[in-house]
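These notes concern the structure reproduced below.
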Amino acid sequence: MAHKISSSCVACGTCIDECPVGAISAGDIYKIDPNACVDCGTCAGVCPMGAISQE
Ligand code: SF4
């Protein structure tokens, strides 16, 4: 399982530095590499838009 970023993402960048395994990459909408994500949930807790949830 991995976490996923929805279209609610406003590319604020809050999550990217919080991921302990560097699974998040920047873009118009940020993305989580499902192969790198360890499903810790850290990013979901910091997203101000609530755009990150478990896949
Ligand atoms: Fe990174 Fe954890 Fe979010 Fe997965 S759930 S992208 S490992 S912070």
Side-chain angles (χ1 to χ4, degrees):
M1 291 292 288
H3 272 60
K4 194 175 180 187
I5 301 177
S6 79
S7 58
S8 302
C9 173
V10 294
C12 68
T14 305
C15 59
I16 199 164
D17 291 331
E18 301 297 329
C19 178
V21 296
I24 302 176
S25 55
D28 290 342
I29 288 178
Y30 279 38
K31 283 187 183 162
I32 295 173
D33 177 352
N35 296 313
C37 176
V38 296
D39 222 19
C40 68
T42 305
C43 55
V46 300
C47 177
M49 300 301 293
I52 307 179
S53 59
Q54 205 162 36
E55 201 163 32

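Keep in mind the model is a prediction, meaning the values are calculated, not measured. Counting from 1, the numbers follow the sequence of the chain as shown. Whatever order the structure lists them in is the order used to number ligands and atoms, beginning at 1.
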Review point. What are the atoms of ligand 1, with element, lying closer than 4.0 Å to any heavy atom of Val38?
Key: 4 (Fe), 7 (S)
Check your understanding: Could you state the interatomic distance from SG (Cys40) to CD (Glu18), rounded to the nearest 0.5 Å?
Key -> 10.0 Å
Check your understanding: Going by the atom numbers of ligand 1, which of them fall below 4.0 Å from some non-hydrogen atom of Cys40?
Key -> 2 (Fe), 5 (S), 7 (S), 8 (S)
**Study point:** Sub-4.0 Å heavy-atom contact, Pro20 with ligand 1
**Key:** yes
Exercise for review: Look at His3 and state whether any of its N, O or S atoms is less than 2.8 Å from atom 3 (Fe) of ligand 1.
Suggested key: no
Check your understanding: Counting from 1, what ligand 1 atoms have a heavy atom of Val21 closer than 4.0 Å?
Key -> 7 (S)
Exercise for review: Check the hydrophobic clustering (I, L, V, M, F, W, Y; side-chain heavy atoms under 4.5 Å; chains of links allowed) and say if Met49 and Val46 are grouped together.
Suggested key: no
Revision key, fill the gap. Atom 5 (S) of ligand 1 sits nearest the protein heavy atom Gly41 N, 3.2 Å
Study note, to complete from the structure: Closest non-hydrogen contact found for Ala11 with Cys9 is N-SG, 3.2 Å
Review point. What part of Ile32 sits under 4.0 Å from ligand 1 if we count only heavy atoms: the side chain, the backbone, both or neither?
Key: side chain
Practice item. Examine all N, O or S atoms of Cys37, backbone included, and report whether one is under 2.8 Å from atom 4 (Fe) of ligand 1. Key: yes
Exercise for review: State, with a plain yes or no, whether a side-chain heavy atom of Ser25 is found less than 4.5 Å away from one of Lys31.
Suggested key: yes
**Study point:** For Cys43, atoms of ligand 1 separated by under 4.0 Å from a heavy atom
**Key:** 3 (Fe), 5 (S), 6 (S), 8 (S)
Check your understanding: Any side-chain heavy atom of Asp39 within less than 4.5 Å of one from His3?
Key -> yes
Review point. Which pair of heavy atoms, one from Ile5 and one from Ile29, lies closest together, and at what distance?
Key: CG2-CG2, 4.3 Å
Check your understanding: So which heavy atom in the protein is nearest atom 1 (Fe) of ligand 1, and how far is it from that ligand atom?
Key -> Cys19 SG, 2.3 Å
Point to revise | Minimum heavy-atom distance between Ile32 and Lys4, given as atom pair plus value | key: CD1-N, 4.0 Å
